[in-house]
*Asks:* 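One structure, pasted below without further comment.
These values consider heavy atoms only, across backbone and side chains, with no hydrogens, waters or symmetry-generated copies. From a predicted model like this one, the values you see are computed outputs, not experimental measurements.
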Amino acid sequence: MKNRKNYLQRALGLSLFVSLVVAAGCKKSFLDVPPQATPPAVTFWKTAGDADKAVNATYANLHEWTNAAFAPIAIESIGSDDAEKGSSPDDASFFNDFDTFTASSTEGQIADFWSGEYKTINLANQVLDNVPAISMDGNLKNRYLAEVKFIRAYAYFRLVRAFGDVPLRLHLPKDASQYNIPRTPKAQVWAAIEADLTDAAAVLPQSYDANNLGRITKGAALALHAKAAMYQAKWADVLNYTNQVMSLGYTLFPNFEKQFRTDNENNSESVFEIQCAFIDGNGGASNSQYSQVQGVRGVTGGGWGFNVPTQNLVNEFETGDPRKEGTIIFRGTTTAEGDPIAAVGDNPMYNYKSYVPFSQFHNGYNEGCQQNIRVIRFADVLLMNAEAANEQGNATLALTSLEKVRARARNGNAAILPAVSTTDKVALRTAIWHERRVELAMEFDRYFDVIRQGRGAAVFGTKGWKANKNEVWPVPQNEIDLSAGTLTQNPGY
C-alpha cells in the first residue's frame with residue numbers, strides 16, 4: 001500500500017500551468033487542493049523530477065470530483081436500467097433528469113463532465129508537449145509519454161461516447177487562434193484514441209515492480225483499444241486486441257465479490273484501476289469520493305447513498321447467481337465483511353462494488369477514499385472477446401471465453417449458471433449481452449453498451465429515451481457560449 005501512495009503524494013506539488021479549462025457546475029470547494037510550494041512555470045519542465053511530478057499529477061487527477069463522482073454517475077450510469085438516483089428524494093434531484101432524459105445543456109453535471117475530461121487532456125498535453133525536451137533516461141521518458149497517451153485516450157474515449165463529435169486537442173495552443181476550436185467529427189476522435197493506444201501498447205511494460213504498482217500497462221492499452229474498436233463495431237480488431245491481452249497472463253480472481261475489496265486491489269484480474277489511497281495527514285491526496293457518494297446511507301463509514309441498483313437489475317440475474325449478492329447490498333442483510341445493514345432506510349439497496357467495510361473509515365477523511373476504481377477487468381476482456389468472436393462467426397471461441405466468466409461466477413456449484421451451448425449467432429449474442437450486464441453491473445458500462453448495440457429505444461424508451469437524440473448528451477451550453485458559437489449543439493437539444 002505504501003508504494004502505491006508514493007506517486008499520489010508526489011503529485012500535489014504540481015500546478016496547472018497552462019489551464020485551458022475552468023471547471024463549471026456544482027462541486028465541493030474543499031476538493032480544490034492549494035498547491036504547496038508551487039514552482040513558477042518558467043522553472044519547470046527542466047528535470048526528470050519535473051517529468052515525474054507532471055505524470056503523477058496526471059494520474060492523481062483521475063480520481064478527483066469531476067472524474068469520479070457526481071458527473072460520471074450522471075453521464076455514465078443513471079441513464080441505464082441498472083441504476084437510479086438513490087439518496088433521499090429531495091437530495092440532488094437533478095439526477096432524475098438524467099434518468100428520464102430531460103437533462104438540458106445547462107445542467108451542471110454535463111458541464112462538470114466535459115470540463116473534467118478536458119482538464120485531464122490538458123494535463124496530458126502538458127506532459128506530451130514538454131517532457132520530450134527534458135534530458136533524462138530515454139526509456140523512462142518513453143514510458144512516461146506512453147502512460148500519458150493512454151490517459152489522454154481514456155479521457156477522449158469517455159468524451160466521444162458521451163457527446164459524439166468533440167474538440168480534438170492534441171497539443172497545447174501556441175497562440176490565441178488555437179484556443180477556440182470547433183468540434184471534430186467523432187471518426188477522427190476515435191482515430192486519435194486508437195493512435196495513442198497503439199503508441200502506448202508498443203512501449204508500456206506488461207507489469208511493474210512494487211514501487212510502481214498500479215501504473216498503466218501494455219495490457220491496459222490493448223484492452224482499451226479493444227473497447228474503442230468495439231464501440232465502432234470493428235470486430236476483427238476487437239478480436240485481435242483481446243486475444244493479445246489474453247496471452248499476457250491475466251486470470252479471473254477466484255472470488256467475484258472479494259475482488260472489489262481494498263485488500264485485493266491490483267489483483268490478477270485487474271487490467272486498469274484508478275489508484276486511490278488513504279494517506280494519513282494528507283487529505284488533499286486522499287480526496288477520492290467515488291466510494292463516498294455511493295456508500296450505504298445513514299451509517300458511519302458508509303456514504304451518501306447515490307447511484308443505487310434498480311429492481312430491473314435484480315431481475316436480470318439468473319436464479320442462484322452469486323454475482324447478485326456480490327453486486328448489490330440489500331437492506332436487512334449483513335455484508336460478507338460483517339457489516340450489518342439496517343432494514344429501514346432511504347434506499348432498499350446499494351452498490352456493493354464501491355463498498356468499503358465500515359471499519360476502514362478514518363474520521364476526518366472521505367468515506368472509502370482508499371477504494372481503487374476498477375475501470376477494466378479481465379472479465380470484460382473475455383466478454384469483448386466472446387462478442388467479437390461471435391460476430392466474426394467463431395462460435396467455438398465465443399463460447400469458450402463466455403464460459404470462463406460464467407465458471408468463475410459459478411464457483412464450482414454445478415446446480416447454477418449452466419454453460420451456454422447455443423451456436424446460433426443471434427441467440428449467442430443475446431447471451432453475451434446478458435452476461436455483460438450481470439458481470440459488469442454498476443461499473444458504468446451498461447448505458448453505453450445498450451446504445452452501441454442499437455437498443456436504446458427498446459431498453460430505455462419507457463424512461464423517455466428518444467432515437468436520433470439521446471444517443472448522446474447535450475454539449476454544455478456554457479462551452480457553446482464561451483466559444484461564441486464555434487461549438488455547435490447536438491441535434492434535439
*Asks:* Assign the ring pair W304 / F306 to parallel, tilted or perpendicular, where the plane angle (0 to 90°) is split at 30° and 60°.
*Replies:* perpendicular
*Asks:* On a heavy-atom basis, which atom in C276 and which in N372 lie closest, and how many Å separate them?
*Replies:*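 Residues C276 and N372, closest heavy atoms: N-OD1, 2.8 Å.
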*Asks:* According to the interplanar angle, ranging from 0 to 90°, do the rings of Y352 and Y355 count as parallel (below 30°), tilted (30 to 60°) or perpendicular (above 60°)?
*Replies:*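 The arrangement is perpendicular - the two ring planes meet at more than 60°.
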*Asks:* State, with a plain yes or no, whether a side-chain heavy atom of F253 is found less than 4.5 Å away from one of F378.
*Replies:*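 They are not in contact (no side-chain heavy atoms under 4.5 Å apart), so the answer is no.
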*Asks:* Do V459 and R446 come close enough that some side-chain heavy atom pair is under 4.5 Å?
*Replies:* yes
*Asks:* Is a donor on one side and an acceptor on the other found under 3.5 Å between the side chain of T335 and the backbone of D339?
*Replies:*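 It does hold such a pair.
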*Asks:* Apply side chain to side chain contact (heavy atoms under 4.5 Å, CB included) to L383 and L402, showing your working.
*Replies:* CA-CA 6 Å; L383 292 173; L402 176 61; 3.9 Å; yes
*Asks:* Please state whether the rings of F444 and Y290 are parallel, tilted or perpendicular, taking 30° and 60° as the class boundaries.
*Replies:*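 Tilted.
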*Asks:* Can you see whether D90 engages S88 through a side-chain donor-acceptor pair at a distance of less than 3.5 angstrom?
*Replies:* yes
*Asks:* Name the atoms and distances for all side-chain donor-acceptor pairs under 3.5 Å in residues 67-74, with sequence neighbours left out.
*Replies:*
residue: N67; atom: ND2; partner: N61; partner atom: O; Å: 3.1
residue: N67; atom: ND2; partner: E64; partner atom: OE2; Å: 3.2
residue: N67; atom: ND2; partner: T120; partner atom: OG1; Å: 3.2

*Asks:* Checking salt bridge (charged side-chain N to carboxylate O under 4.0 Å, His left out) for the pair E471/K466: CA distance, chi angles, key distance, verdict?
*Replies:* CA-CA 8 Å; E471 290 84 359; K466 295 180 176 60; over 6 Å; no
*Asks:* G305 and N347: which non-hydrogen atoms are nearest, and at how many Å?
*Replies:*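 Closest heavy-atom pair between G305 and N347: O-OD1, 3.7 Å.
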*Asks:* Do Q275 and N266 pair up side chain to side chain, a donor and an acceptor below 3.5 Å, judged on atom types alone?
*Replies:*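 There is such a pair between these side chains.
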*Asks:* Are S270 and E273 close enough that a side-chain donor and a side-chain acceptor fall under 3.5 Å?
*Replies:* yes
*Asks:* CZ/R374 to CZ/F260 distance, rounded to the nearest 0.5 angstrom?
*Replies:*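 Answer for the CZ-CZ pair, R374 versus F260, is 7.0 Å.
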*Asks:* For A195, does its backbone N or O pair with a side-chain atom of K149 as donor and acceptor, under 3.5 Å?
*Replies:*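 No, because the side chain of K149 does not come within donor-acceptor range (under 3.5 Å) of the backbone of A195.
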*Asks:* Establish, from distance only, whether the side-chain atoms of N264 and Q259 form a donor-acceptor pair under 3.5 Å.
*Replies:* no
*Asks:* Side chains of E316 and H434: is there a donor and an acceptor less than 3.5 Å apart?
*Replies:* yes
*Asks:* Quick one: closest heavy-atom pair of V296 and R331, and the distance?
*Replies:*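 Looking at all heavy atoms of both residues, the closest pair is CG1-NH2, 4.5 Å.
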*Asks:* Side chains of I110 and E107: closer than 4.5 Å at any heavy-atom pair?
*Replies:*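 In short, these two side chains touch, coming nearer than 4.5 Å.
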*Asks:* Under a 4.0 Å N-O cut-off, is there an ion pair linking E257 with R323?
*Replies:* no
*Asks:* Side chains of S421 and L399: does their closest heavy-atom pair fall under 4.5 Å?
*Replies:*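 Answer no - side chains too far apart.
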*Asks:* So, taking the atom named CZ in F361 and the one named SG in C369, what distance separates them when rounded to the nearest 0.5 Å?
*Replies:*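 Result: 9.0 Å between the selected atoms.
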*Asks:* Output the distance between atom CD (E265) and atom CG (L213), rounded to the nearest 0.5 Å.
*Replies:*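 Between atom CD of E265 and atom CG of L213 there are 9.5 Å.
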*Asks:* Among all residues two or more places apart in sequence or in another chain, which pass the side chain to side chain contact (heavy atoms under 4.5 Å, CB included) test with D99?
*Replies:* I78, E84, K463
*Asks:* Which heavy atom of Y365 sits nearest a heavy atom of N282, and at what distance?
*Replies:* OH-N, 3.7 Å
*Asks:* Drop me the distance from D263's CG to R261's CZ, to the nearest 0.5 angstrom.
*Replies:*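 Here the rounded value is 9.5 Å.
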*Asks:* Hey, would you say the F98 and W473 ring centroids sit under 6.0 Å apart?
*Replies:*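 Aromatic pair counts; centres sit under 6.0 Å.
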*Asks:* Please tell me if the side chains of R429 and Q453 come closer than 4.5 Å, counting only heavy atoms from C-beta onward.
*Replies:* no
*Asks:* State the CG-CG distance between N390 and L239, to the nearest 0.5 angstrom.
*Replies:* 11.0 Å
*Asks:* Working note: D165 + K186, criterion salt bridge (charged side-chain N to carboxylate O under 4.0 Å, His left out); need CA distance, chi angles, decisive distance, verdict.
*Replies:* CA-CA 4 Å; D165 301 349; K186 62 183 179 181; over 6 Å; no
*Asks:* Does the side chain of T66 come within less than 4.5 Å of K119's, by heavy atoms?
*Replies:*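 SC-SC contact between K119 and T66 ruled out.
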*Asks:* Using 4.0 Å as the upper bound for N to carboxylate O, is an ion pair formed by K234 and E194?
*Replies:*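 Counted as a salt bridge, because a side-chain N and a carboxylate O are separated by less than 4.0 Å.
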*Asks:* Considering non-hydrogen atoms only, spot the tightest contact between S286 and I279 and give its length.
*Replies:* OG-N, 2.8 Å
*Asks:* Could you check whether N56 and R215, counting side-chain N and O atoms only, form a donor-acceptor pair closer than 3.5 Å?
*Replies:* yes
*Asks:* Strictly under 6.0 Å, is that where the ring centroids of F272 and Y154 end up?
*Replies:*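 That pair passes the under 6.0 Å test.
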*Asks:* Quick test of your reading: applying salt bridge (Lys or Arg N to Asp or Glu O under 4.0 Å), list the pairs with at least one residue in residues 340-355, sequence neighbours left out, ordered by first then second residue.
*Replies:* R297-D346, K353-E443
*Asks:* Can a salt bridge be assigned to the pair E387 and K425 using a cut-off of 4.0 Å between side-chain N and carboxylate O?
*Replies:* no
*Asks:* Listing request: all salt bridge (Lys or Arg N to Asp or Glu O under 4.0 Å) pairs with a residue in residues 407-417, at least two apart in sequence or in separate chains.
*Replies:* E269-R408, E403-R410, R408-E439
*Asks:* Could you tell me which residues satisfy side chain to side chain contact (heavy atoms under 4.5 Å, CB included) with V203, sequence neighbours excluded, listed by chain and number?
*Replies:*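 Testing V203 for side chain to side chain contact (heavy atoms under 4.5 Å, CB included), a comparison that skips the adjacent residues, returns N142, A146.
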*Asks:* May I ask you to check whether N243 and N385 show a side-chain donor-acceptor distance below 3.5 Å?
*Replies:* yes
*Asks:* With sequence neighbours excluded, tell me which residues meet side chain to side chain contact (heavy atoms under 4.5 Å, CB included) with Q360.
*Replies:* T262, V356, P357, Q370
*Asks:* Ion pair present between K324 and E318, side-chain N to carboxylate O less than 4.0 angstrom?
*Replies:*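 The answer is no: the pair does not qualify as a salt bridge.
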*Asks:* How far does CZ of R377 sit from OH of Y250, to the nearest 0.5 angstrom?
*Replies:* 14.0 Å
*Asks:* Determine the minimum heavy-atom distance between T422 and A427, stating which atoms define it.
*Replies:*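 Looking at all heavy atoms of both residues, the closest pair is OG1-CB, 3.8 Å.
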*Asks:* Does one side chain, of D237 or N240, offer a donor that lies under 3.5 Å from an acceptor on the other?
*Replies:*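 Absent: no donor and acceptor within the cut-off.
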*Asks:* Determine, stepwise, if the pair F330 / Y350 fulfils ring-ring contact (aromatic ring centres under 6.0 Å, His included).
*Replies:* CA-CA 7 Å; F330 292 93; Y350 294 94; over 10 Å; no
*Asks:* Side-chain contact, heavy-atom cut-off 4.5 Å: L252 with L382?
*Replies:* yes
*Asks:* Are a donor atom and an acceptor atom from the side chains of S291 and S354 found within less than 3.5 Å of each other?
*Replies:* no
*Asks:* Salt bridge or not for D380 and K227, using N-O below 4.0 Å?
*Replies:*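 Yes, this pair counts.
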*Asks:* Y156 vs E117, test: side chain to side chain donor-acceptor pair (under 3.5 Å). Steps then yes/no.
*Replies:* CA-CA 7 Å; Y156 273 121; E117 297 315 305; over 6 Å; no
*Asks:* Looking at Y493, is K469 sitting on its ring face, NZ or CZ under 6.0 Å from the six-membered ring centre and within 45 degrees of the normal?
*Replies:* yes
*Asks:* Hey, would you say the W465 and Y447 ring centroids sit under 6.0 Å apart?
*Replies:* no
*Asks:* Check the pair D81, R437 against salt bridge (charged side-chain N to carboxylate O under 4.0 Å, His left out), reporting the backbone distance first and the verdict last.
*Replies:* CA-CA 10 Å; D81 48 355; R437 186 180 184 190; 3.5 Å; yes
